[in-house]
Amino acid sequence: MNVIEFKRVAKSFGDVVANRDLSFEVKAGTIHGLIGENGAGKSTAMKVLFGIFPADSGEILIRKKPTRITNPVQAMRLGIGMVHQHFMLAEPETVLDNIILGHEPGWFPGLIFRDKARKELTEISKNYGLAFDKWDVPVSHLSVGEQQRVEIIKLLYQRSDVLILDEPTAVLTPQEVKELFQNLLRLKQEGKTIILISHKLKEVLEFTDYVTVMRRGETVGTKVTNETNEDELAEMMVGRKVSFTYQGIRRILSDSTEIPSILKVKGLSFKGLSESCVDVTLNLRQGEILGIGGVQGNGQSEFLRFLSNPKEYFHKVSGEYTIRDQSVLADSPLDLRKRGVSLVPEDRLAEGLLLQQDMTENFLLGQHEDPRYQSKFPGLLDRDAARARVEQNIKAFDIRPPYPTVWSGRMSGGNQQKLVIARALDSKPEILFVAHPTRGVDVGAIELIHEAIMNERNAGRAIILFSSELEELIDLSDRIAVFYGGRIQAEFGRKEFDPWKIGKTMGGGNKE
Amino acid sequence: MSDNLMVVRTSFIQRFFQSIGVSSFQALLRSLIKSFAGAGLGLAAGLLVCYYAGEPPLKILKILYQSSFGSGYDFGMTLYYTAPLILTGLAVAIPFKAGLFNIGAEGQLTVGALAAAWAGVLGAGITSPFLAVLFAATFAFAAGGIWGAIPGFLKALRGSHEVITTIMLNFIAAGMTAYFTLYTIKDPNSAQAETIPVPESFFLKPYEVFNGAPMGNLIWFLIVLAILMHFWIWNSRWGYCLKALGENERAAETYGITKQRVWVSSMFVAGGLAGLVGLVEILGNSHKFKIGFSADWGFVGIAVALVARGNILGVLPSALLFGMLQKGAGSLDLETEKVTRDLSYLIQGLIILGVASEGLWDGLSRFLGNHLKQRARAKQTGGTK
């Protein structure tokens, strides 16, 4: 039976068409993958289904009945639940309170019968094999994977039987991904229907029953997962053949001692808010990509923050940090920028973008003191010059929608990331810190971003690449340093790259 | 990458629309209509209240109109009420851009006004009216600015919340200015708690047409000041830093905007602008500092900024609206039997509510739109069957 059927659904925002023509059906009790490039309209399609945006035209059938869903509450009543890419949890509140929000149990007005909810939740957790019992812990104390599980339990508590998950693995570690999919398979066994929005073809191929491919707001087709393969899906998504590993020219570094290091970190130790760094020593040469790997929470994030804003750590840090043999321990981000350093931050929403400003304003962030964007009149900015650069970058990076006046908050994750990267490269930096450049970004865009990074490397820039995806590090890096417990556990040269060995050091093992 | 860098110069008009947050002339009209309709709705509700209180609505409307624009004197008085609100409205709206809530305009204007009066005492020898006014303005701006910068500093150095510190500084300002008024520059010839009057060269001459209402060239200066502030915030690097910090503190910091600097500077400018109320009151009206001279202008400024929806240019019409209502409140009290001053404040409140309830309008028009669409669709499908 089809639980959900889209029939020629269309949705546009002003001049921007998000969904042109969507037609597909989801069978009950299956895991249904929905894949497509950034801006292909996956998230919009699901938000239409979930009642956040009304459709402009077309029909949605829920359990064979044409239904017009106008708000999320109605969708929930119809048994449709959604886990958003960015979790919708109140972090200081307990797990229990987050889950029962809007469905508080109890018959007396104003009173909440938490014990009743706790009992019910324990039952749900047991029935679906979710192994979760931290009901009275504040959400902020949970790991990202656990928070996601809370979101799923919340949907089960609301008795949803269609679960929409928007890019659920984008923020998880490999172990957490494994657990998530075990849970999802179990839910399927219990008769739930799951719609999985993803850009990771491997997961989609491994865990779904059907997969629908979207391109530029249209559904290209639906396939039975067993009867298709990675290449076919990728081609459907992008509309042409795609290569999965970077295959451009890799300029061979001559013997590394010949090229002096441009950036040096020596004996660096400090205690950060959540992570620390212990005795970190690194050198970065021009024309190389130094990959920084490790399981999240082992000091890489703090290390990046230190590298890009040493001034903030000035009083609590010991060790050396030099660029071109000058100490930069007291530098602010702007000082570093003047030395030719540029940054792609870890979390583009929290650290990289002004969501309610247009692309031009966002492009100026961090470049607001760049002489190219200063007007002749002292103190004023030249937004026309900035906008012209944005137009160029829109073409170069294929940013969609292609208008500099679009709010960055209204762009899809991948396009936001392209904007952040275009901005970082705009000042022609000599040193580039790039963190998770392809997190939550799909195949077509990944290719483009990887190519941009490699081009920078081949043009002689020095790049430090932070990534939690080992494949990405291996594809791009010339060397990989693995963080464990705030230390550099091991360093690998390109010849020694071996996923198994690197993975072992990420878990705290030794290199040999 | 293409070599022919095409710089498309956006037209002045386009950029102006962008700066006030609308995309086109139609959008501007729409937003204006929305505001006016809101004010109208609020007024209607207020009139309804008056009707039940026993006063015919038409009479109320007539009094309100007469009291705002009825004569040269009335219009002058309306502008006299508007002028301080332009300044305090800016003093709230500008830090608001940087994410700061300045509740301290009242204290800042008090300190600024005292400084203006003091400038008159110190600069008694200045005979050129231009220099005298400039001297007093500098004093008022600096004093108000420093008073405003204190919460900025406290936030930057110690992380104290600006809402708490600005409220506290309001009390300190009241006490401190009272002390100086009573003990340092008290007018020995007066039995009132007021300072020595400023010399005549400091006086701002009112226009003849206003028939004695204390308002002259100053109003033009304030209008130009607000327009300049608007364009400065929109086009300058400083304004960019303000907006970026106000929208996403972490991103602004990551990309090298020093939040401490923005906090202090925006609060200094805000305090300085509030301090300029000294020009309106001391140089323009009473010519001396009297304890408790302000009709809560600093607090009404918060409402002015909110109704302007944080838009710097919007402070001008918003301040005029509040000026009219304040002026009208007194007249209603005098000229009707049933509508007391309190009731006229109630009408004020309803009008503010109407203007501020933008969300209500959006919701209402969307609801109506959907409703109409649905009906059209029902008709269509009904027709094809």
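Reminder, nothing fancy here: chain letters follow the sequence lines and each chain counts from 1. The model shown is predicted, which means the values in this text are computed figures rather than measured ones.
- Put simply, CG on A:Leu354 and NZ on B:Lys243 are 9.5 Å apart, with the number rounded to the nearest 0.5 Å.
- Within the 4.5 Å cutoff, the side chain of A:Gln357 has no heavy atoms near those of the B:Tyr240 side chain.
- Of all non-hydrogen atoms in A:Gly352 and B:Ala251, the two that sit nearest each other are N-CB, 4.0 Å.
- Contact of the A:His368 side chain with the B:Ile257 side chain is registered, since non-hydrogen atoms from C-beta on lie closer than 4.5 Å.
- Judged by distance alone, with hydrogens and angles left aside, the side-chain atoms of B:Glu247 form a donor-acceptor pair with the main-chain N or O of A:Gln356 at under 3.5 Å.
- Counted within 6.0 Å of OH on A:Tyr373, heavy atoms from surrounding residues, nucleotides or ligands total more than 12; the atom is thus considered enclosed.
- Only the side chain of A:Gln374 comes within contact range of chain B, with heavy atoms under 4.5 Å apart.
- Other residues, nucleotides and ligands place more than 12 heavy atoms under 6.0 Å from the CZ atom of A:Arg372.
- Between the B:Asn248 side chain and the A:Leu353 main chain, a donor and an acceptor come within less than 3.5 Å of each other.
- Considering all non-hydrogen atoms of both residues, B:Asn235 and A:Arg383 come closest at CA-NH1, 3.7 Å.
- Within the 4.5 angstrom heavy-atom criterion, only side-chain atoms of A:Thr405, from C-beta onward, approach chain B.
- Residue-environment remark: NZ (A:Lys316) exceeds the threshold of 12 foreign heavy atoms within 6.0 Å.
- For the pair B:Tyr255 and A:Leu334, the minimum side-chain heavy-atom distance is 4.5 Å or more.
- With a 4.5 Å cut-off on non-hydrogen atoms, A:Leu349 touches chain B through its backbone but not through its side chain.
- With rounding to the nearest 0.5 Å, the separation of CZ in B:Arg237 from CG in A:Asp370 is 11.0 Å.
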